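This report refers to the structure that appears directly beneath it.
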Amino acid sequence: MEMAEATGDAPKRTRSGRPQRREGSKNLGVPYIVRNIPTYDILGEENLERIEQVADRILAEVGIEFRDDPVALDHWRRAGAKIEGLRVSFEPGMLKEIVRSAPAQFTQHARNPARSVEIGGRNVVFSPAYGSPFVMDLDKGRRYGTIEDFRNLVKLAQSSPWLHHSGGTICEPCDVPVNKRHLDMVYSHIKYSDRAFMGSITSEGRAEDSIEMARILFGADFVDGNCVILGNVNVNSPLVWDGTMTKSLRAYARANQAAVIVPFILGGAMGPVTNAGAIAQSYAETLAGCALTQLERKGAPVIFGNFLSSMSLRSGSPTFGTPEPAIGSMVIGQLARRLGLPLRCAGNFSNSKRPDAQAMQEGVMSMLSAVHCGANFVLHSAGFADGLLAMSYEKFMMDMDFCGALHSYLAGVVVDDNTLAMDAFLEVGPGSHFLGCGHTMRNYQTAFWDSGLSDNEPFEKWVEQGETDMALRANRSWKKALAEYEAPPLDAAIDEALNDYVATRKNGMADAWY
């Protein structure tokens, strides 16, 4: 694994591809991963073309509705699309041509330049889960999220060497009015993390508030020329873009900030039960959203997103971490690369109500699909539980630990004089061991990834130490991380300006809980 160019606290890489250990370092992570293994391309040219052709037919013969946003319809009219009422249809190839102006790779700047991330190409960025109304932990159980929980989760993400991004709505702070909570969430990301972050998308005004707070942090001129904030917008599948989302999408694009365009397709409900059909639908919906960003501002960064999922056809319940969406992600990756757009795909999905074996089995299934499909921005990398209804503190820690393992996995196999270890063979010879040889002593600190949560001790020692499972170790770990957390320094004048902006906006509107 190569290291992204960065300054400040970003550590140097060793030949083994792992970060150097440094005494007193609070965070040993890299700002993002540069993958050193290939993507897994499962379909050949003929089948990829068939999926694209079906998507073209959906766009041309069925079309997509754009509701409650006359400006979006005007954009499409000027671009040459066919419009009948709210339904817009597109000639084959039209949307592909429009998205050619979007960058294949871009930088999202963090307030600490050493933590800025590169999105696209061979780069991989891990970001926490997003959007849960509930939180849970082993002490208090499942409950509505609060602003304190939100801040705690931002702090835990900031403290981890294995995440690269602060995320967005890590949980809904349900103790803050709906029309004001976006202000507290964006402020919390800025205050308690020095990494890149996401803003609100639940209304055009909230999107614009998020962008304005980014302007206070970075400066208006810098924001106009650089991406500093992401907005994650969802299609109302099947084949509907509603005005709330398109207005927010356009607000981000207008400000030269990146929209993440994401259908949410539960196979059998919002899309076909068959993988190929769901992929074609997803491709069509996402491509339309990506193209709209370019009509709003040509050259604005955009991320091609995907959220395929399945459902229990016996009960109608959504299912997550299942094999069909995981393998479908591989095809989405191929399609995104053919468009030349950065990809957001998959994550640590799970339906489990506890941080247990089901949680990790499902999470590994879906997270490995993100790694192999070539995802550049992996939302939902940590904490996703209960079908995204809850953020689990313990699963957050377990998932982040697994993200650490994926850093080494994505590094691939380094082949050089050191890793081939010929000097070790010459020193040890037949029938001896490598435990104390010079090669081992030179490499032992960096040769293997070390889990922060796994227990590798003999059974007897494990018994003596209380027979704890990983969930309990994760419970202790998040408490320790919060106790040791130190906020990254923030310029006092910027902090004051942000607080003034938040106070002014809050005082200018009555509380609304819807």
Side-chain angles (χ1 to χ4, degrees), residues 1-6 8-38 114 122 124 126 159-164 357 360 364 367-368 371 397-481 483-484:
M1 180 168 58
E2 303 170 14
M3 180 187 152
E5 291 184 4
D9 294 334
K12 295 181 178 180
R13 304 294 290 179
T14 66
R15 279 181 151 183
S16 69
R18 303 191 61 221
Q20 280 185 328
R21 296 177 184 272
R22 296 184 305 180
E23 292 300 321
S25 175
K26 291 289 184 181
N27 189 313
L28 300 177
V30 294
Y32 54 91
I33 299 169
V34 180
R35 63 184 301 127
N36 201 35
I37 63 174
R122 292 168 52 215
V124 183
F126 291 152
S159 300
S160 171
W162 308 126
L163 294 181
H164 314 112
M360 297 312 292
V364 167
M367 195 64 171
L368 281 179
V371 165
M397 304 306 290
M398 293 158 66
D399 289 345
M400 288 194 298
D401 194 62
F402 181 53
C403 285
L406 292 175
H407 279 67
S408 290
Y409 188 82
L410 280 159
V413 176
V414 177
V415 179
D416 58 21
D417 289 345
N418 176 61
T419 61
L420 286 169
M422 189 62 209
D423 59 320
F425 291 109
L426 293 171
E427 178 184 347
V428 173
S432 187
H433 62 75
F434 291 78
L435 289 175
C437 77
H439 181 268
T440 299
M441 298 307 293
R442 289 196 308 273
N443 289 279
Y444 81 94
Q445 287 189 311
T446 57
F448 303 125
W449 168 74
D450 294 325
S451 169
L453 291 177
S454 293
D455 181 278
N456 301 308
E457 299 293 343
F459 181 83
E460 292 78 12
K461 188 172 182 180
W462 174 73
V463 171
E464 290 173 2
Q465 294 178 342
E467 303 183 23
T468 60
D469 62 11
M470 184 175 275
L472 182 55
R473 293 193 294 273
N475 178 270
R476 295 171 179 172
S477 179
W478 69 256
K479 292 174 181 175
K480 182 174 184 290
E484 295 176 351

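Keep in mind that what you see is a predicted model, and the values were worked out from it rather than measured.
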Report task. Output all residues satisfying side chain to side chain donor-acceptor pair (under 3.5 Å) with K480, sequence neighbours left out; order by chain, then residue number. Result ->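 By the side chain to side chain donor-acceptor pair (under 3.5 Å) rule, K480 matches E484.
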Query raised in the report: Partners of S454 by side chain to side chain donor-acceptor pair (under 3.5 Å), sequence neighbours excluded?
Result: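 With neighbours one apart ignored, the set is S451.
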Partner residues of [X] under the side-chain contact (heavy atoms from CB on, under 4.5 Å) criterion, sequence neighbours left out:
X	result
V371	I37, L406, Y409, L410
A424	A421, F434, C437, H439
P430	none

Report task. Scan residues 423-441 for pairs that pass salt bridge (Lys or Arg N to Asp or Glu O under 4.0 Å), counting only residues two or more places apart or in two chains. Result ->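 As it turns out, the salt bridge (Lys or Arg N to Asp or Glu O under 4.0 Å) pairs with a partner in residues 423-441, which skip direct neighbours, are D423-R442.
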Query raised in the report: Please, which pairs that meet salt bridge (Lys or Arg N to Asp or Glu O under 4.0 Å) have at least one residue in residues 466-477, sequence neighbours excluded?
Result: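 Sorted result for residues 466-477: empty, none.
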Query raised in the report: Would you say the side chain of T440 lies within less than 4.5 Å of the side chain of L435, judging by non-hydrogen atoms?
Result: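 No; the side chains remain at least 4.5 Å from each other.
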Query raised in the report: Any side-chain heavy atom of L453 sitting closer than 4.5 Å to one from M398?
Result: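 Contact flag for L453/M398 side chains = yes.
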Requested in this report: Compute the ring centroids of H407 and W162, then answer whether they are less than 6.0 Å apart.
Outcome: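 Yes - the distance between ring centres of H407 and W162 falls below the 6.0 Å cut-off.
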Which pair of non-hydrogen atoms, one from [X] and one from [Y], has the smallest distance, and what is that distance?
X	Y	result
C403	L163	SG-CD2, 4.2 Å
A405	W449	N-CE2, 3.4 Å
F126	H164	N-ND1, 2.8 Å

From [X] atom [atom1] to [Y] atom [atom2], the distance as rounded to the nearest 0.5 Å:
X	Y	atom1	atom2	result
R122	N36	CZ	CG	6.0 Å
D399	M397	CG	CE	10.5 Å
M470	N475	CE	CG	13.5 Å

Query - Check: D455 main-chain N/O paired with W462 side-chain donor or acceptor under 3.5 Å - result: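 Not confirmed, W462 side chain does not pair with D455 backbone.
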Requested in this report: Begin from the C-alpha positions of N418 and N443 and carry the test side chain to side chain contact (heavy atoms under 4.5 Å, CB included) through to its verdict.
Outcome: CA-CA 9 Å; N418 176 61; N443 289 279; 3.0 Å; yes
